[in-house]
Amino acid sequence: MTALTSTVVRLKLSLLRNGLRQSGGRRAAYVASAVVVLLFAVLQLLGLIALRGHAHADAVVVLLVAVLGLGWAVMPLFFPSGDETLDPTRLVMLPLRPRPLVRALLVGSLVGIGPLFTLCLTVGSVIAVAHGGAAYAVGVVAVALTLLVCVALARAVAAANIRLLSSRRGRDLAVLSGLVIAIGAQLVNFGVQRLGSGGLGQLGPAADVLRWVPPASAVGAVDSVSEGAYGMAAAQLAVSAAAPAAALTVWARQLTRLMTSPDGSTLQAADPGPRARASTGLARLLPGGRTGTVMERSLRYIWRDPKTKAAWATSLAIGLIVPVFNALQGTGSIYFACFAAGMLGIQMYNQFGQDTSAFWMVALTISSTRDAYAELRARALALLVITLPYATLVTVLTTALLGDWAKLPEALGLSFALLGAMLATGAWTSARFPYSIPQEGYKNVAPGQAGLAWISIFGGMVSAALLCSPVIALTIWLNADPDVERWQWLLLPLGAAYGAALTFAGLRLAAPRTAGRLPEILAAVSKG
């Protein structure tokens, strides 16, 4: 067992060393990221030590360790390629028993920046709540149990989902990590604002529950000893010790299953069954001809392509979270509902880049300005199938939360005008500033095309805001003058008509440029 453990640790170090030898850029990026992470860990350690003696220090550290454990559990799902030793299927051909392999991989998992970062935060959390020799003695055990729970949990989750993570759906899940990060950032912002208004005392109820959930229960045991509740501390330590035992048991069973059961490559292909119908329910609901075909293709990209799916999911989530969370806090405005239309309008930008090298098949069908207009119009209609009802729903929901129903027509009018302006500018910039979207990895712009992406997106957004200025000015005037305030309802039909006119004009202007620049567009979107 000792020889196997040392071999796995040396393997982990060799993988790290050989990866850094591949290029100087990768080596510099790793060193820079390591320095930043360690500096952040040290600052967190000092901050937790400074928290010692605070009235709500126990609630803060319990929540911190709970979030730390959650991060260890979900990170393998979103970043499966971050550690090559997370994939146990690489070892299935070796004559190794699962249980000794579990011990060896567990020790190997303790090598890296992540465990060191976790160690710093856990030590700081223990120091923040430990008072007396008995508490520090329990703290040593708590640090070891916390680190063990985090590592064992990550390994068990990775082993249970390794077949998924190595498949196409797993790569889709990894790409969708951007959605989780975006939503998490908004939730953190919401939580910080609530804490700023109500203080750290609001953390107490949540901490009372989490102090019985591993790995936070280990730090909770230290706090219980400091308070003299030795029976509670013993129960919390027992819960903390049972968690890694359960995780290791699950991990061992998953390793046994992976190393003894066949996968899809060793099974005979199943009978494909009857062929799928060429015309799906979606196709039957769309108009005929080129318009319906292009709309169906665009909607299928949204559902099936990982990068497109991630972009849409992120926009849908943030477009709802920003206005709704601000309304729930009582600090929002009904005009924040326009954020939904703005986030979804961005999806019109770089339409041809979303096709990547497959755009050549689309280019073969465009031989005139009329063909280009039909292509762009169908793509805009596909976006409107989702954006119009979604923007309306978010606006109505925000209005309901704020209770300001009188402002609903003008908020909808502004949203429709903004959406039309972004569809117009998106069609034009798609033809004028196309860029490639790499299909692999987490980059959304091919190397050397970042400038094009910035010009396309931010230049288009500024232009859309300028195009909406007449509707914005009319809204301000109707709200500033009491004599004409009763005519605010006109902003809904005027905004909708103005947005439709902008969309029509933008498509008409972008069509001849698209037809005339097909070779340049194809070269740009195929670069990645």
Side-chain angles (χ1 to χ4, degrees), residues 311 315 318-319 322-323 326 332-353 372-373 376-377 379-381 383-384 386-388 390-392 394-395 398 407 409-435 445 449-481 484 487-488 490-514 516-517 521:
S315 296
I318 298 180
V322 171
N326 280 279
S333 167
I334 192 172
Y335 301 112
F336 280 8
C338 296
F339 204 85
M343 289 299 300
L344 296 183
I346 294 176
Q347 304 307 317
M348 186 64 187
Y349 292 81
N350 196 34
Q351 276 292 304
F352 307 128
Y373 174 76
L376 290 170
R377 181 186 61 187
R379 290 176 183 248
L381 288 174
L383 266 68
L384 287 173
I386 301 175
T387 54
L388 271 181
Y390 183 80
T392 303
V394 172
T395 305
T398 305
K407 300 289 185 181
E410 60 184 89
L412 281 175
L414 279 173
S415 294
F416 294 157
L418 176 61
L419 182 58
M422 299 198 73
L423 291 178
T425 56
W428 190 86
T429 57
S430 293
R432 182 61 183 86
F433 303 107
Y435 58 90
V445 182
Q449 293 186 331
L452 288 174
W454 279 88
I455 294 174
S456 174
I457 297 177
F458 289 98
M461 291 172 64
V462 172
S463 300
L466 293 176
L467 289 174
C468 285
S469 56
V471 180
I472 297 175
L474 180 60
T475 303
I476 296 174
W477 177 61
L478 290 175
N479 282 274
D481 192 344
V484 296
W487 299 105
Q488 290 178 353
L490 287 174
L491 285 169
L492 176 55
L494 289 176
Y498 185 71
L502 286 179
T503 302
F504 177 78
L507 295 176
R508 284 294 183 185
L509 291 174
R513 184 170 293 275
T514 301
R517 299 189 71 248
I521 296 174

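Residues forming a side chain to side chain donor-acceptor pair (under 3.5 Å) with Arg377 (at least two apart in sequence, or on another chain): Thr291. For Ala511, the side chain to side chain contact (heavy atoms under 4.5 Å, CB included) test picks out Thr369, Ala372, Tyr373, with sequence neighbours left out. Take Glu410 and apply the side chain to side chain donor-acceptor pair (under 3.5 Å) test, not counting sequence neighbours, and it matches Tyr335, Asn479. Residues passing the ring pair (Phe, Tyr, Trp, His ring centres under 6.0 Å) test with Phe458, sequence neighbours excluded: Trp454.
Atom CG of Leu466 sits about 12.0 Å away from atom CE of Met461, to the nearest 0.5 Å. Put simply, OG1 on Thr429 and CD1 on Ile455 are 11.0 Å apart, with the number rounded to the nearest 0.5 Å. Taking OH of Tyr435 as the reference point, atom CD1 of Ile521 lies at 14.0 Å (rounded to 0.5 Å). Here the CZ-OG1 distance, from Phe339 to Thr395, works out to 13.0 Å after rounding to the nearest 0.5 Å.
Side-chain contact between Leu376 and Phe352 is present, with at least one heavy-atom pair separated by less than 4.5 Å. You'll find the side chain of Ser430 stays beyond 4.5 Å of the side chain of Arg379, heavy atoms only. Inter-residue side-chain proximity for Ser315 and Ile346 is flagged as unmet; no heavy-atom pair is nearer than 4.5 Å.
Contact between Gly319 and Ala340 at its shortest, heavy atoms only, is O-CB, 3.6 Å. Ala427 approaches Ala510 most closely through the heavy-atom pair O-CB, 3.5 Å.
The side-chain hydrogen bond (donor to acceptor under 3.5 Å, both in side chains) pairs that include a residue from residues 490-513 number zero, where partners must be two or more places apart or lie in different chains.
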Subject >> Verdict with reasoning, Tyr390 to Met343, per side chain to side chain contact (heavy atoms under 4.5 Å, CB included) >> reply: CA-CA 11 Å; Tyr390 183 80; Met343 289 299 300; over 6 Å; no
Ignoring hydrogens and angles, write down the donor-acceptor pairs under 3.5 Å from the side chains of residues 411-425, residues two or more places apart or on other chains.
{"residue": "Ser415", "atom": "OG", "partner": "Ala411", "partner atom": "O", "Å": "3.0"}
{"residue": "Thr425", "atom": "OG1", "partner": "Tyr349", "partner atom": "OH", "Å": "2.7"}
{"residue": "Thr425", "atom": "OG1", "partner": "Ala421", "partner atom": "O", "Å": "3.0"}
{"residue": "Thr425", "atom": "OG1", "partner": "Met422", "partner atom": "O", "Å": "3.3"}

